[in-house]
Amino acid sequence: MIRKLRKEEFTQAAELSLEVFTQCGAEDFNTEGLETFKSFVYSNELMNELKIYGAFDKETLIGALGTKREGTHISLFFIRPEYHRKGIGRRLFDFALCDNPVREMTVNSSSYAVEFYQSLGFKQVCEQQETNGLKYTPMKRIS
């Protein structure tokens, strides 16, 4: 099941995001980057700026997608590794896009997820960047 998360569920999304971030993106951050990421996902102020969607297996949150700027930027997009390559990320993305249609969307992708974003129609807009200990590839999708 996929649905929009309630504010009281944002902590679950933050915990899932941190868990998957550390498992799948280790080559994209150093100690500073890990602290930068934690300061984002554990900031109520920053998380409350997001519209967050969740994918569930029964009652368990297995994926989260958070957008900001009226849906034009993906800030969080994490699926538990054991659920990768099962179409859950695609369904979560399609649900968010259907709920909030936008012409253009951006994301700062981890190196792990570049290929996945390309499968969703995103194109790399410049070389890999690094900010506050986090490496990422800026990407854009135009409908």
Side-chain angles (χ1 to χ4, degrees), residues 1-7 9-57 60-143:
M1 175 182 62
I2 294 174
R3 64 174 171 79
K4 195 169 164 185
L5 296 184
R6 298 179 304 273
K7 296 277 186 206
E9 295 174 304
F10 281 18
T11 301
Q12 281 181 269
E15 290 169 1
L16 176 134
S17 297
L18 180 60
E19 182 182 321
V20 176
F21 174 78
T22 55
Q23 286 177 10
C24 298
E27 69 278 1
D28 287 334
F29 65 88
N30 58 25
T31 304
E32 178 191 14
L34 180 59
E35 292 309 311
T36 299
F37 188 81
K38 285 180 181 178
S39 70
F40 171 69
V41 296
Y42 290 121
S43 165
N44 286 333
E45 181 182 342
L46 294 175
M47 290 292 281
N48 285 334
E49 292 176 6
L50 304 179
K51 190 180 284 190
I52 303 179
Y53 303 90
F56 292 83
D57 183 357
T60 304
L61 182 66
I62 59 168
L65 167 62
T67 63
K68 66 179 182 180
R69 294 188 221 134
E70 282 108 38
T72 62
H73 182 76
I74 296 175
S75 294
L76 294 173
F77 198 172
F78 296 97
I79 308 294
R80 292 192 186 281
E82 60 270 27
Y83 291 91
H84 286 183
R85 304 199 183 284
K86 297 182 187 291
I88 294 163
R90 161 77 64 183
R91 289 196 306 272
L92 194 52
F93 177 78
D94 289 346
F95 186 93
L97 200 55
C98 185
D99 184 57
N100 197 24
V102 294
R103 185 168 144 22
E104 289 186 15
M105 186 179 281
T106 59
V107 67
N108 292 325
S109 176
S110 67
S111 56
Y112 182 84
V114 167
E115 192 176 303
F116 171 70
Y117 283 114
Q118 288 172 334
S119 78
L120 296 176
F122 285 81
K123 304 233 182 300
Q124 186 172 330
V125 295
C126 63
E127 294 305 309
Q128 187 179 66
Q129 309 286 307
E130 185 172 343
T131 305
N132 299 325
L134 293 170
K135 293 179 187 173
Y136 57 92
T137 300
M139 302 182 81
K140 181 184 268 191
R141 178 183 191 270
I142 300 174
S143 302

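The chain is numbered in sequence order, starting from 1.
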Requested in this report: If the plane angle is over 60° it's perpendicular, under 30° parallel, otherwise tilted; pick one for Phe77 and Phe93.
Outcome: parallel

Query - NZ (Lys7) with more than 12 external heavy atoms under 6.0 Å - result: yes

Report task. Please assess Val107 against Arg141 for the test side-chain contact (heavy atoms from CB on, under 4.5 Å), listing each intermediate value before the final yes or no. Result -> CA-CA 9 Å; Val107 67; Arg141 178 183 191 270; over 6 Å; no

Report task. Indicate yes or no for a side-chain donor-acceptor contact from Ser43 to the backbone of Phe40 under 3.5 Å, with no hydrogens or angles considered. Result -> no

Query raised in the report: Do the rings of His84 and Tyr112 sit parallel, tilted or perpendicular, given the 30° and 60° boundaries?
Result: tilted

Query raised in the report: Judged by atom type as modelled, is there a donor-acceptor pair below 3.5 Å linking the side chain of Glu70 to the main-chain atoms of Lys68?
Result: no

Query raised in the report: So, does Asp28 use its side chain to make a donor-acceptor pair with the main chain of Tyr136 at under 3.5 Å?
Result: no

Query raised in the report: So do the side chains of Phe29 and Glu130 get within less than 4.5 Å of each other, counting heavy atoms only?
Result: no

Report task. Determine whether Ile74 and Tyr117 make a side-chain contact, defined as any pair of heavy atoms from C-beta on separated by less than 4.5 Å. Result -> yes

Query raised in the report: Does the side-chain contact (heavy atoms from CB on, under 4.5 Å) test come out yes or no for Asn44 and Phe10, once each step is laid out?
Result: CA-CA 9 Å; Asn44 286 333; Phe10 281 18; over 6 Å; no

Requested in this report: Compute the ring centroids of Phe37 and Phe78, then answer whether they are less than 6.0 Å apart.
Outcome: yes

Query raised in the report: Are His73 and Asn108 close enough that some pair of their side-chain heavy atoms sits under 4.5 Å apart?
Result: yes

Requested in this report: Kindly determine whether Lys135 and Ser111 satisfy side-chain contact (heavy atoms from CB on, under 4.5 Å), including the steps that lead there.
Outcome: CA-CA 8 Å; Lys135 293 179 187 173; Ser111 56; over 6 Å; no

**Report entry** Stepwise side-chain contact (heavy atoms from CB on, under 4.5 Å) check, Leu97 with Val102
**Finding:** CA-CA 7 Å; Leu97 200 55; Val102 294; 3.9 Å; yes

Report task. Return the minimal non-hydrogen interatomic distance between Glu127 and Pro138, and the atom names on each side. Result -> O-CD, 3.7 Å

Query raised in the report: So, the side chain of Lys140 versus the backbone of Glu104: is there a donor-acceptor pair under 3.5 Å, distance only?
Result: no

**Report entry** Basic-acidic side-chain contact under 4.0 Å: Arg80, Glu19
**Finding:** yes

Requested in this report: Starting at OG1 of Thr11, measure out to CG of Leu16 and round the result to the nearest 0.5 Å.
Outcome: 12.5 Å

